[in-house]
Amino acid sequence: MSFLDLDEFLLELAPRVELVFSPIMDVKEFPADVDLCLVEGALCNTDHIEMAHKIRRLTKAVVAFGDCAITGNVSAIRNQLGLGNRENVLQRAYMESAQLNPCKPALKGIVPPLIERVMPLHEVIRVDYFLTGCPPHAERIKSFLSQWLAGQKPRLQGLDLKFG
Amino acid sequence: MAAKTLTINGRQISAAEGSTVLKAAEEAGVEIPSLCHLDGVYDVGACRLCLVEVKGASRLLPACTTVISEGMEVQTGTERLIKYRRMTLELLFAERNHVCSVCVADGHCELQTLAYSLGMDHVRFDYLFPKWDVDNTHSLFGMDHNRCILCTRCVRVCWHIEGAGTKNVSGRGGQSKIITDLNAAWGKSDSCTSCGKCVQSCPTGALFYKGSTVGEMVRDRSKLEFIVNAREKKLWVYQD
Amino acid sequence: MILGELNQLRDREIQSRKKITLRCCMAAGCVSSNSKGVFEALQKAVAESGLGNEVEVRGVGCMRLCCEGPLVSVNQDGAEDSLHVRVTSENAASILAYLKGGKARTTRVDAGMPFFKKQMSIVLSNSGIIDPERIESYIAVGGYSALHEALHEMTPAEVVSMMVQSGLRGRGGAGFPTGLKWDTVAKSPGVAKYVICNADEGDPGAFMDRSVLESDPHRVLEGMSIAAYAVGASQGFIYVRAEYPLAIARLQQAIKQSKQFGLLGAGIFDSQFCFNIDIRIGAGAFVCGEETALMASVEGKRGTPRPRPPFPAESGLWGYPTLINNVETFANVAPICRHGAAWFASIGTARSKGTKVFALAGKIKNTGLIEVPMGTTLRTIVEDMGGGAPEGGRIKAVQTGGPSGGCIPVEHLDTPVDYDSLSQLGSIMGSGGMIVMDDGTSMVEIARYFMEFCMDESCGKCIPCRAGTVQMHRLLDRIARGQATAAHLARLEELCEMVKSTSLCGLGQTAPNPTLSTLRFFRGEYEALLQPEMPGNEECLAGVSGQVS
Amino acid sequence: MKIATMRNEAEGRRVMQHASGDKRFKILEVFMKKYQFRQDSLIEILHKAQELFGYLDDDLLLFVSYKLKLPPSRVYGVATFYHFFTLKPQGKHTCVVCLGTACYVKGADKVMSAIEAELKIKAGETTPDKNISLLTARCIGACGIAPAVVYDGTVSPRATPEGVLKTIKQWTES
């Protein structure tokens, strides 16, 4: 969402980049020869890991985008609950916390198998850039993308590196 | 008082005899990062962030406990030091559960500030995700051990300034924990005077005023300095 | 007590000796194999055989070949006749039959074997010979004459200068020149000064100090008293591990006797010198071997170290100048006093003087205690004296210095044992634990074992040690489990270097040593456990390359 | 806090005593007096307290901090810093496996796993029936007879998994 806060910079961006894969696009397969990929979110299930490896294989520069991708952040809080395994996670989420109709997703193929421990992106693949923030502020994204578009190795510093 | 002349990062400065390197540097406008140092209480040299290179010394020395000497040559920001400081911060972030986005001290946290000022954009060590308690039994304050970095500032202000001795450290190594009395619930403490000095001293969001939510825990260290100065230098009138 | 009385005691004790002495080891190792039962059986047998006038059964300290205990040594007219091993309370009596010309049902070992013959005893010279529970037994071999000499024939400055000239270096691990330390304490102004004996022998696999305390406690007391005189202290502490109950009991006994004989307390040997020693019992914290942590513990606090300077020699216990030396260091003091600094300096190598006691253990035939001149090669110790690996094994490495030391591979067995040679190999002399490892030992496992030790023993005060040992242990564990890549290994090395350079005290500063030394000599073992990285992902986890900063 | 003020009839002054009337507190107090209630004797006092009571509970720690004039947090900090002190009651029997280096390379880890499997507890724990506590030591200095195991305070040499289980079984069956 904070990407949308880029406001008019989005218009500036539009003619210079080709958006080839995104949750808001109807593209099923991650394309090849991608120049830059902003990866959001921590890795929680086997699909995420598979996807991360695919992204790494097909992308020149991978950016861990936001605190979840970099630290695990709130999505990794389940690690410290000591739930131990995915069954317990599902139990907590779908049964204990449910206000009505407690039921665990049972059908195969609906919910990808959860991994035991939520991981930041760089634990699984090589990450070229880290864009911190929860969410990363639009100004920070803009600064990063402008440098990258100008052909530089983006460098952020000071408050632009702040978590949270 | 006699003065000593020394160089910090190649610049010649002078400071009062008996000053620490940290103090001399601060007076000269050179910032040395630190987490366990707190003006007004004794130093313990524990966080290792203020380590500096001193010419002729075989090891890195903590600026907070190293007393200046004549002709001392100090380097405070070499590549090696910056690398170590960054790793020290990474170790801290990985050790407990420092989730800035939901922390009461977000934006007012010394750990967080050091992380971005030292360019720590990610942590290369495994996050340990330990399970630590939150003590919310006190009527005014709370303590979230998940955010504690064991700097022992609270222990020192409680003993050295307030004189209550309520807080101490139990266990050892990674299992060390800040305790209240005999590891009692804070709210049940016989010795706590609820003075709030520990809350003022905490560099992270571990100690907080009850009711503060994300980013609201702002501290006023000048109160601690005031009371120390008041007692030691008889300066009983608060000055801005 | 005056000199005449001391000499009288000595003569009386020597005269009371019998023709034959049966020395039965009563140190902790043999006691655990029922040497008490053997001792009683021997006494009973002597009484029954009517040889009471000729034969004395004496409980003594360590006779060194601990793996073969209980040990009984037979001595006739002051010369060793035979050494009986693995004696039981059942076959003990047959030793008496042997004395009468019959056959002993015990196993005997050759007392002339290299294990014994290549030793040189200074620290252990009374060990296994005198009765550690009787001060008279120590006095009979010249005990406390050195203290008398120091008090009456030397000034404190002369004692310090003698220590400087002797070239003795601290036997606790770091090898700091003892004389220099004494000199600093002696010159530091203070209304009170303290002497502390560090008997918190925490290195797993080291038991030299335990043996010295159990076998010859008065030697340590005498060394401390001389030190106290030299530096101007009047109160001493012995900080001893709670894991050594027998050593504590013998020390308590020894202190009590010394006080009774006027060798501790006020006006010792009719001089102005007053000195008392108290025992402080540790409570299971390895970090308390570090001198500032030890002092905190003596003060009844959490045993956390503090930054140095100020050094204890200037500001130690309760802020007063404090001399801290290890057991073996103090044990060397009286012999130096008696025989002179030049004598001591003539033994050993150019920069490491005297002898060193080692606890030889692990995968080796003869385990036990050895004392050799500095500069003896590891090969002499391990192969000649230790007898090499047990059947079927081949020696792979020797670990010295415990969790602060390193593993020296078999190729370097010709290294002379001295402070400098060992540190050049990335290990340290340490307090004297020497663990032999054979083919069956995985070096990655050993590194993980020591890292786990340091992680558990970290006091938690400084971050690099508290959190760094945890992360290093995780990385080693990951490697050992075969789940790591080259990037993890690179991370481990980076972290080792950081923890070594930034930790507050010796524990953290040396915690990476076993890992670094095994990496240096057995890197192949680590690499064999690594997984290949996924294609395109080679630099994953590799560190700081290519990030925003 | 169960510390009561009582009148000492003989001396006609008020003295503090532990309210439970447990004789062991009196013994501990005499011991503390030997050390002149010095604060630096805290560790010796805790050793004695544990020897008398088997473990250090809150009540006992409070009594010690009261007598030595130390903040309770400080006493607790010290009691939890050192391995030797235990704040939980121990089993009737204790089995200490030495995990020093010499014992380790000679198979102490296998001895340990055998006991853990037999008793279904981990190091540092006590069986649910409070019969056996399983502990580890970081070297008891008996490396010549490694691996060493200490049963109820008595050191036993050259331990093997089979030998250890035999002793443990004697405890569980008696």
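These numbers were taken from a predicted model, which means no experiment stands behind them. First the proteins, then the strands, lettered A, B, ... as listed; each starts at 1. Values below: all heavy atoms of this structure, side chains included; hydrogens, waters and symmetry mates excluded.
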As an exercise: rank D:Val78, D:Ile45, D:Val75, D:Val150 by heavy-atom pairs under 4.5 Å with chain C and give me the winner. D:Val78
Ranking C:Ala206, C:Ser297, C:Ala285 by heavy-atom pairs under 4.5 Å to chain D gives rank one to C:Ser297
Please determine whether a side-chain nitrogen of the Lys or Arg among D:Asp40 and C:Arg280 lies less than 4.0 Å from a carboxylate oxygen of the Asp or Glu. yes
Is there any residue in residues 88-107 of chain D with a non-hydrogen atom under 4.5 Å from a non-hydrogen atom of chain C, and which ones are they? D:Leu99, D:Gly100, D:Thr101, D:Ala102, D:Tyr104, D:Val105, D:Lys106
Only pairs under 3.5 Å count here: list side-chain donor-acceptor contacts from residues 109-122 of chain D, not counting sequence neighbours, and write none if there are none.
unit_1	atom_1	unit_2	atom_2	d
D:Ser113	OG	D:Asp109	O	2.6
D:Glu116	OE2	D:Ala123	N	3.2

Between C:Glu201 and C:Arg210 (salt bridge meaning N to carboxylate O under 4.0 Å), is one present in this structure? no
Please rank C:Ala359, C:Gly284, C:Gly460, C:Gly433 by heavy-atom pairs under 4.5 Å with chain D and give me the top one. C:Gly284
Sort C:Ile279 into side chain, backbone, both or neither according to what part of it lies under 4.5 angstrom from a heavy atom of chain D. backbone
Please work out which of the three classes, parallel, tilted or perpendicular, describes the rings of D:Tyr82 and D:Phe85, given edges at 30° and 60°. perpendicular
Which region of D:Glu44, side chain (C-beta onward) or backbone (N, CA, C, O), has a non-hydrogen atom less than 4.5 Å from a non-hydrogen atom of chain C, or is it both or neither? side chain
Quick check: under 4.5 Å, non-hydrogen atoms only, which of residues 26-37 of chain C neighbour chain D? C:Gly29, C:Ser32, C:Ser33
So what's closer than 4.5 Å to chain D heavy atoms on C:Asn366: side chain, backbone, both or neither? neither
Does any backbone or side-chain atom of C:Ile281 lie under 4.5 Å from a heavy atom of chain D? Answer side chain, backbone, both or neither. both
Side-chain donor-acceptor pair under 3.5 Å between C:Thr400 and C:Ser427, yes or no? yes
C:Phe450 versus chain D, heavy atoms under 4.5 Å apart: side chain, backbone, both or neither? side chain
Chain C contact residues among residues 129-144 of chain D, heavy-atom distance under 4.5 Å: D:Arg138, D:Cys139, D:Ile140, D:Gly141, D:Ala142, D:Cys143, D:Gly144
So what's closer than 4.5 Å to chain D heavy atoms on C:Glu457: side chain, backbone, both or neither? side chain
